[in-house]
Amino acid sequence: MTVPLIYIVEDDVNIREIQRYALQNSGFEVQEFTNGKELYQALEQKLPGLILLDIMLPGEDGLEILTRLRRSKATARIPIIMVTAKTRELDKVKGLDLGADDYMTKPFGIMELISRVKALLRRTTNLEEPAVLTNGCITVDTDKRSVTVSGESCELTFKEFELLRMLLINQGIVLSRDKIMEQVWGFDYEGESRTVDMHIKTLRQKLKEGGSAIKTVRNVGYVLER
């Protein structure tokens, strides 16, 4: 059985040591970095199963690193948990919208850390899906993370793309708002359900004629009609 490799990007040596100790005691392999430059060099050699990424870092901050990782085909799907001392809701939402899979606020307990890491690994270790997903005039290339509508390129944010991908994988299946929140924003995201509604609204607009296939199921959620 392969031992999951976790990359820790944290400039506070005390916090980094606590994270490493907890993860190693739970059976994970760990590598530590203090900044983005060190992380990028390691990623060229080996990709981890998950990254714990602090926001407040010297030089390039965690949100900038996250954006860069999500734009690269090689690192776009690596599960990432943001770790930060910031508690403002705006920072949390920004990180999740940029593509973070989960979010932890310092200080946190060791059991919470391990629980979140294990839960995220379970959630993101899925069966292989088709590289190209289609519905009518919509075509999504999951490897290139590109979307076209009637042959024309359609630019989506990271979360809009993940939302569309989930709808395409589950065509014809009604998805509750809670299920969408769990899969796209993270299992414990405490944002309001209107977060999903607002993203559906902008997604429909960007998909133009293709957006009409996304139907609202009253008091439940949404479905992408075949």
Side-chain angles (χ1 to χ4, degrees), residues 53 55 62-63 66-67 69-71 76-84 86-105 116 119-120 122-124 126 129-130 132-142 144-150 152-226:
L53 178 61
I55 285 186
L63 293 176
L66 173 64
T67 300
L69 294 179
R70 290 307 186 221
R71 286 177 177 171
R77 292 194 179 183
I78 297 176
I80 297 176
I81 299 178
M82 302 301 293
V83 182
T84 180
K86 290 187 174 182
T87 56
R88 291 193 307 154
E89 181 72 11
L90 179 62
D91 295 315
K92 181 175 182 178
V93 171
K94 186 174 182 180
L96 293 170
D97 279 345
L98 286 174
D101 297 280
D102 198 2
Y103 194 106
M104 293 186 66
T105 302
R116 286 174 183 260
L120 180 53
R122 285 195 302 269
R123 182 160 57 88
T124 55
N126 298 319
E129 66 186 60
V132 177
L133 301 167
T134 62
N135 178 285
C137 60
I138 303 169
T139 300
V140 172
D141 188 317
T142 58
K144 297 179 180 178
R145 296 190 69 81
S146 64
V147 180
T148 58
V149 179
S150 299
E152 295 186 4
S153 179
C154 177
E155 295 295 325
L156 301 180
T157 66
F158 188 89
K159 288 302 182 186
E160 288 167 353
F161 182 91
E162 290 300 306
L163 177 55
L164 176 58
R165 184 169 70 90
M166 183 181 183
L167 289 168
L168 284 165
I169 292 171
N170 296 280
Q171 292 183 54
I173 299 173
V174 177
L175 301 173
S176 68
R177 288 178 176 81
D178 288 343
K179 183 66 174 179
I180 294 173
M181 291 288 284
E182 175 186 339
Q183 292 296 317
V184 179
W185 274 268
F187 73 100
D188 68 335
Y189 180 58
E190 296 177 352
E192 299 179 14
S193 62
R194 68 183 183 199
T195 298
V196 175
D197 298 335
M198 291 303 296
H199 278 74
I200 288 287
K201 180 180 178 180
T202 57
L203 183 59
R204 281 172 171 158
Q205 293 172 344
K206 290 184 177 182
L207 293 175
K208 298 180 181 178
E209 64 267 31
S212 62
I214 303 175
K215 303 297 184 181
T216 301
V217 180
R218 189 175 179 182
N219 297 326
V220 181
Y222 298 94
V223 60
L224 181 65
E225 293 187 338
R226 295 182 182 277

E162 vs R165, test: salt bridge (charged side-chain N to carboxylate O under 4.0 Å, His left out). Steps then yes/no.
CA-CA 5 Å; E162 290 300 306; R165 184 169 70 90; 2.7 Å; yes

Using the rule given for side chain to side chain contact (heavy atoms under 4.5 Å, CB included), can you reason through N170 versus L224, listing the C-alpha separation, both sets of side-chain angles and the distance that settles it, and then say yes or no?
CA-CA 8 Å; N170 296 280; L224 181 65; over 6 Å; no

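When all heavy atoms are compared, the tightest approach of V149 to C154 is CG2-CB, 4.1 Å. Of all heavy-atom pairs spanning M82 and A100, the tightest one is CG-CB, 3.3 Å.
When the salt bridge (Lys or Arg N to Asp or Glu O under 4.0 Å) test is applied to K179, no partner is found at least two apart in sequence or on another chain. With sequence neighbours excluded, the residues that form a side-chain hydrogen bond (donor to acceptor under 3.5 Å, both in side chains) with R204 are T216. Under the side-chain hydrogen bond (donor to acceptor under 3.5 Å, both in side chains) criterion, S176 pairs with no residue at all, not counting sequence neighbours. Every residue two or more places apart in sequence or in another chain was checked for a side-chain hydrogen bond (donor to acceptor under 3.5 Å, both in side chains) with S146, and none qualifies.
For the atom pair L120 CG and I81 CD1, the distance stands at 5.0 Å (nearest 0.5 Å). To the nearest 0.5 Å, the span separating NZ on K208 from SG on C137 amounts to 10.5 Å. Distance check: E152 CD to T139 OG1 gives 12.5 Å after rounding to the nearest 0.5 Å. In this structure, I55 CD1 and L53 CG are separated by 7.5 Å, a value rounded to the nearest 0.5 Å. The distance from atom CD1 of I180 to atom CG of L167, rounded to the nearest 0.5 Å, is 6.0 Å. To the nearest 0.5 angstrom, R145 atom CZ is 9.5 Å from L156 atom CG.
Counting heavy atoms from C-beta on, the side chains of L207 and I214 come closer than 4.5 Å. When side chains are defined from C-beta on, M198 does not count as touching T202, because their heavy atoms never get closer than 4.5 Å. Between L66 and I80 there is a side-chain heavy-atom pair separated by less than 4.5 Å.
For residues 154-180, no pair satisfies ring-ring contact (aromatic ring centres under 6.0 Å, His included), with sequence neighbours left out. For residues 194-226, the pairs satisfying ring-ring contact (aromatic ring centres under 6.0 Å, His included) are W185-H199, with sequence neighbours left out.
By the 6.0 Å contact criterion, CD on E155 is open, its count of non-hydrogen atoms from other residues, nucleotides or ligands being 12 or less.
With N135 as the fixed residue, the side chain to side chain donor-acceptor pair (under 3.5 Å) test singles out one of E225, R226, Q171: Q171.
One N or O on the side chain of D141 and one on the backbone of K144 form a donor-acceptor pair closer than 3.5 Å.
A salt bridge does not link R70 with D97: none of the charged nitrogens is closer than 4.0 Å to a carboxylate oxygen.
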